[in-house]
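Keep in mind the model is a prediction, meaning the values are calculated, not measured. Note on naming: letters A, B, ... go to the chains in the order of the sequence lines (proteins, then strands), and numbering restarts at 1 for each one.
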2 protein chains.
Amino acid sequence: MIDRGFVGPKYYGVKEDLRRLALEAGPEASLPTERALAVRYGTSRTTIRQAIAELVAEGILNRTQGKGTFVAREHRAYVRQRTSFTDDAREQGLRISSIVLGIDYPVADEHSAGQLRVAPGTGLTRVERVRLIDEEPLAHEVAHLPGTLTDLEQILEQDGSLYAVLAARYGRRVAEVEDTVETSIAGPVDAGLLAIETGSPLLLIHRLGLDAAGTPVEWTRSVFRGDRFRFFARTHR
Amino acid sequence: MIDRGFVGPKYYGVKEDLRRLALEAGPEASLPTERALAVRYGTSRTTIRQAIAELVAEGILNRTQGKGTFVAREHRAYVRQRTSFTDDAREQGLRISSIVLGIDYPVADEHSAGQLRVAPGTGLTRVERVRLIDEEPLAHEVAHLPGTLTDLEQILEQDGSLYAVLAARYGRRVAEVEDTVETSIAGPVDAGLLAIETGSPLLLIHRLGLDAAGTPVEWTRSVFRGDRFRFFARTHR
DNA sequence: TAGTGGTCTAGACCACCAA
DNA sequence: TGGTGGTCTAGACCACTAG
């Protein structure tokens, strides 16, 4: 609605041109090598890499050391419409799975105690997982549960839904959830777990699950791949 | 919970060291120049810039051409708890304002018609604004309203809240909103409007406002600064 | 005008992958 | 082994800010 004449730096022109090429070439197509692009555009490889880097951050391109640079499959389709990752995904007919990285039993520090509304020093159960959709890692989650639930591990392997296990085994039903959503940047750990590059944008979501009485049942910190995930919320005014 | 030994590339060590320095120095503190840091760390300026770039993307640092690099004021405190930016901000005691970039009257294309559930070709009112908090640009919004509301401009200047104007002047009350939240990357236009760098992470939010009968009243595309904004949602299961 | 960050170059070596 | 992307260098010039 406002006419914006704009001429940016050279890498920006390259970037927009590559974006167009990627769109035409379609998913899975491979791009020329960085060195070839540098020749084609009459620039240095650095300039090409700056352009590619931003397109990777936007989820348009993927690149793998030793292999090459490719047009990403476009599917930012996953939403979080209800309250359970498992339910959401099943509803969309997606094959979901989890890798349990670890379960341990720390005592509540000041922050987690405040979130879960228990006394600092209370025993907690902490579950660290990577969530996958169609075999692709999508999220890294650390859930904090009040109490020491020592038989959680075996149960979780059967049914990937933490909420279902909490309800069926422990009688803790989540009736309401509070989410905060913000952006974050992948550090090397999250980048490795999610198979993305350091510096990629993430959605950082903190979720507090409450039972019908308003008692906290679960407090989870999750990072989701920013290029694959879309958060959905419906609010009555 | 999982021990992760990690030694990254050189720029990553510099980055984490600068992060610590920034934390110690406190908000508004100025960093040494890139050239000075290059000498201090025994690297090239390129390496220093890569470290700084990621800290800027995380909202830890700001930099301005010709001035220098500074520790950002930490305040990612703004939430969107209710349904109106104006209400949310007032509730938190923040000074908010808007700049109306333009109002025009396009006809609905296929996509906006689908969102607003009107026939393609229907007249719309489009309002493009920059939203500011404490004089700082925070969001860039383009709202689409069904119908041709030609006297909107003067009214909006008096009361910044589009929702309030829609209710008071046109009897359209928003009873429910649906938000989708995803990440995006600032292009040059958004970067200029929001006073951030190209490539900075953004929260891209699409909001559909419905009245009590479920009729769409407003459909808005917003980009929020990812380093300053936190989205909040409460959902009953 | 001096100094800052912004962009770009041409090249080097490394880490990883596939044949 | 050859080719890819990943990191890094030493330097150049430009655009912008401030005194």
Side-chain angles (χ1 to χ4, degrees), chain A residues 6-18 22 28-57 60-72 185-188 191-192 195-200, chain B residues 6-18 21-22 28-57 60-72 185-189 191-192 195-200:
Chain A
F6 176 80
V7 180
K10 187 187 287 192
Y11 87 85
Y12 195 79
V14 174
K15 174 186 173 185
E16 294 308 315
D17 203 56
L18 290 179
E28 316 281 326
S30 80
L31 259 65
T33 70
E34 296 176 350
R35 288 164 178 86
L37 288 170
V39 172
R40 175 189 302 187
Y41 287 102
T43 70
S44 73
R45 203 181 139 211
T46 309
T47 301
I48 298 297
R49 279 184 60 77
Q50 186 172 2
I52 291 177
E54 293 197 2
L55 291 171
V56 168
I60 308 293
L61 300 178
N62 295 323
R63 50 184 173 182
T64 309
Q65 185 173 100
K67 290 181 70 176
T69 303
F70 307 90
V71 181
I185 297 290
I196 55 179
E197 299 189 15
T198 302
S200 299
Chain B
F6 176 79
V7 180
K10 188 187 286 194
Y11 87 86
Y12 195 79
V14 174
K15 175 187 173 184
E16 294 308 315
D17 202 55
L18 290 178
L21 288 178
E28 316 281 325
S30 80
L31 258 64
T33 70
E34 295 176 349
R35 289 163 178 87
L37 288 170
V39 172
R40 176 190 301 185
Y41 287 101
T43 70
S44 73
R45 205 182 137 209
T46 308
T47 302
I48 298 296
R49 279 183 61 78
Q50 185 172 1
I52 290 176
E54 293 198 3
L55 291 170
V56 168
I60 307 292
L61 300 178
N62 296 322
R63 51 185 172 182
T64 310
Q65 185 174 99
K67 290 181 71 177
T69 305
F70 307 90
V71 180
I185 298 291
V189 172
I196 55 179
E197 299 189 16
T198 302
S200 299

Query raised in the report: Looking only at side-chain N and O atoms, does Thr47(B) come under 4.0 Å of OP1 or OP2 in dT9(D)?
Result: yes
From CD of Glu54(A) across to C1' of dT7(C) the rounded distance in Å is 13 Å
Rounded to whole Å, OH of Tyr41(A) lies from C1' of dC8(C) at a distance of 17 Å
ask   = Would you say a side-chain N or O of Ser44(B) is under 4.0 Å from OP1 or OP2 of dG11(D)?
value = no
Smallest heavy-atom separation, Glu34(A) atom then Ile52(A) atom, equals CG-CD1, 4.1 Å
Rounded to whole Å, the NZ-P distance (Lys10(B) to dT9(D)) equals 4 Å
Leu61(B) CG to dT4(C) P, in whole Å, measures 17 Å
Which of dA18(C), dC8(D), dT9(C) is nearest the side chain of Lys67(A)? It is dA18(C)
When rounded to whole Å, the CZ to C1' distance for the pair Arg49(B) and dC8(C) reads 11 Å
Which of dT7(D), dC16(C), dT9(C) is nearest the side chain of Gln65(A)? It is dC16(C)
Of the candidates dC8(D), dC16(C), dC8(C), the side chain of Gln50(B) sits closest to dC8(D)
Using Watson-Crick geometry (N1-N3 plus N6-O4 or O6-N4) or G-U wobble (N1-O2, O6-N3), each under 3.5 Å, dT4(C) is paired with dA15(D)
Query raised in the report: Can you check whether Thr69(B) has a side-chain N or O nearer than 4.0 Å to OP1 or OP2 of dG5(C)?
Result: yes
* Asked: Does the side chain of Glu54(B) come under 3.5 Å of the side chain of Tyr11(B) through a donor N or O and an acceptor N or O?
  -> yes
From CD1 of Ile52(A) across to C1' of dT7(D) the rounded distance in Å is 15 Å
Pro9(A) has its side chain closest, among dT7(C), dT9(D), dA15(D), to dT7(C)
Nearest-nucleotide check on DNA chain C, Glu34(B) vs Gly42(A); residue mapping nearer the 5' end is Glu34(B)
Separation of dC16(C) atom P from Arg63(A) atom CZ, nearest Å, is 16 Å
Shortest non-hydrogen pair, Lys15(B) vs Leu55(B), comes out as O-CD1, 3.6 Å
message = Once hydrogens and angles are ignored, does a donor-acceptor distance under 3.5 Å link the base of dG5(D) to the side chain of Arg35(A)?
response = yes
By nearest-heavy-atom nucleotide on DNA chain D, the more 5' of Thr46(A) and Gly66(A) is Gly66(A)
Whole-Å distance, Tyr12(A) OH to dG6(C) C1', equals 16 Å
On a heavy-atom basis, the closest approach of Pro32(A) and Leu37(A) is O-CD1, 3.7 Å
Nearest heavy-atom approach of Ala57(B) to Ile185(A) is CB-CD1, 3.9 Å
Problem - Any N/O donor-acceptor pair, Arg45(A) side-chain to dG6(D) base, under 3.5 Å - result: yes
